[in-house]
Amino acid sequence: MTKVNRQTVSYLSRRFEEVGLNPNKRHGQNFLIDLNLLHLLARSAELNKNDVVLEIGTGMGSLTGLFAEAAAQVVTVEIDHHLHQMAAEELESFDNIEMLKQDALKNKNQFASEVIEAVQRHLAVDPDRVFKLAANLPYNVATPIISNLLRSEIIPATMTVTIQKELGERLVAKPGTKDYSALSIWVQSICDTKIVRIMSPKVFWPRPKVDSAIIHIVHRPERRAAIADLDFFYAFVRSMFFHRRKFMRSVAVSAFKNQLSKPDVDDVLNRLGHGADARSEQLDVESMQTLSEAFRQKVIEVTGVERPVLANQS
Ligand code: SAM
């Protein structure tokens, strides 16, 4: 039986009224009020007593409590100090929750080091501990949270999160579809992705304008190990989709303008059988990886630089 109050509309509105506040739109404060879905999210995270769970967006702590009951340790991060305070009261009977009151992101491209360090500290307790992300994410920062975690020193074994449906569709999109994007390739190149449930706005309080989805992402370390230079690949994919409707050749000529001549670019594309009319959105994940590696090798060959860096690489 959960030790946390049931997160219903009447409970939430009463708590907000008590502190004289309204949910903050800017911070994506849309609380999940369907108790079945709260449990579905927690169940889909497949937590067990070896797991260290990172939750971004403690809110009022209702998911946090469910995670803490199933896992070894929870690290939960909340940017809003009123919510942090209210959740601390809710969760005081737990001894396996570390609550951080801060922005989970240092900037768009980086996680806050305090968050990564807290997770690392709890992982270090036992070599069998496994890192997982589980959260009802604030939608305005869902993409940087997912993509930055996949580039961090510690990659979660699984990510089970509520995000905008549109973003969920991009994460599972296949080549040639309208949702297929740099993010689809980046995430699918190192993970399996699946949509667990589509949810209407009415399961949140206050209601967001868009549909949402619970997604489950499973990290595949063997795929990651097969990518020679992850930072280069990340930057390459983003460059190739910057002008997604343009022909790949002109996008590549511009991305490598400081490193490769047009004949160099043509050489790589011809060798891999990509004609003049090829577009990035037609390439599957594997072909994009092969192409990225071929360009990386070409830059090494032409410039002699051991670790090539693209202009947009951070
Ligand atoms: N976990 C609660 C639930 O499921 O009902 C609340 C989820 S609500 C969608 C997102 C929460 O993330 C809000 O409490 C918001 O204040 C917090 N938040 C927004 N941006 C954040 C950030 N950059 N770092 C940490 N927390 C953030």
Side-chain angles (χ1 to χ4, degrees), residues 2 4-13 15-16 19 21-45 53-68 74-91 94 97-116 118-119 133-149 159-165 167-168 196-197 199 201-215:
T2 180
V4 178
N5 274 303
R6 282 155 54 90
Q7 182 159 279
T8 57
V9 176
S10 57
Y11 166 71
L12 287 169
S13 25
R15 292 290 275 137
F16 271 90
V19 290
L21 290 172
N22 287 315
N24 184 330
K25 252 197 205 158
R26 191 166 58 90
H27 287 151
Q29 290 175 358
N30 301 98
F31 301 88
L32 196 47
I33 48 166
D34 183 315
L35 304 181
N36 289 327
L37 291 173
L38 282 168
H39 284 273
L40 174 66
L41 196 156
R43 247 190 351 266
S44 306
V53 179
L54 173 63
E55 179 189 33
I56 310 297
T58 318
M60 216 67 109
S62 49
L63 276 171
T64 325
L66 292 179
F67 300 153
V74 178
V75 174
T76 184
V77 192
E78 176 55 59
I79 199 168
D80 180 321
H81 72 274
H82 294 288
L83 281 177
H84 169 83
Q85 187 53 43
M86 289 194 271
E89 289 164 25
E90 282 291 313
L91 299 169
F94 290 90
I97 300 177
E98 176 168 349
M99 300 184 69
L100 301 176
K101 184 182 54 148
Q102 64 172 94
D103 192 332
L105 293 172
K106 181 175 172 202
N107 56 47
K108 221 172 74 205
N109 297 314
Q110 259 182 314
F111 240 76
S113 56
E114 299 86 347
V115 176
I116 299 294
V119 172
L133 176 79
N136 173 15
L137 287 179
Y139 291 173
N140 51 334
V141 286
T143 303
I145 285 172
I146 294 171
S147 44
N148 293 341
L149 262 185
M159 303 196 203
T160 313
V161 289
T162 306
I163 53 176
Q164 279 193 24
K165 177 180 155 210
L167 175 57
V196 175
R197 183 70 64 90
M199 299 180 295
K202 67 174 188 249
V203 301
F204 295 94
W205 180 83
R207 292 183 183 189
K209 289 207 171 69
V210 292
D211 281 342
S212 302
I214 298 177
I215 56 146

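Numbering of residues begins at 1 and proceeds along the displayed sequence. Read the numbers this way: they start at 1 and go in the same order the structure lists the ligands and their atoms.
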Between [X] and ligand 1, find which residue part has any heavy-atom pair under 4.0 Å and reply side chain, backbone, both or neither.
X	value
L105	neither
N136	both
D103	both

Looking at residues at least two apart in the chain, or sitting in another chain, which of them share a side chain to side chain contact (heavy atoms under 4.5 Å, CB included) with V9?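 V9 satisfies side chain to side chain contact (heavy atoms under 4.5 Å, CB included) with S13, I33, W205 once adjacent residues are dropped.
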Tell me whether ligand 1 is touched by [X] - counting only heavy atoms on the residue side and a distance under 4.0 Å.
X	value
L32	yes
N24	no
Q7	yes

At what distance is the nearest protein heavy atom to [atom], and which residue and atom is it?
atom	result
atom 8 (S) of ligand 1	G28 O, 3.4 Å
atom 14 (O) of ligand 1	E78 OE1, 2.7 Å
atom 26 (N) of ligand 1	I79 N, 3.3 Å

Hey, looking at atom 1 (N) of ligand 1, which of G59, G57, A104 has the closest heavy atom?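 The residue whose heavy atom sits nearest atom 1 (N) of ligand 1 is G57.
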Just jot down the ligand 1 atoms closer than 4.0 angstrom to any heavy atom of L137, in number order.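 Near L137, meaning under 4.0 Å from one of its heavy atoms, ligand 1 has 9 (C).
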Any Lys/Arg nitrogen of E89 or R15 sitting under 4.0 Å from an Asp/Glu carboxylate oxygen of the other?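 Salt bridge between E89 and R15, a charged N being under 4.0 Å from a carboxylate O: yes.
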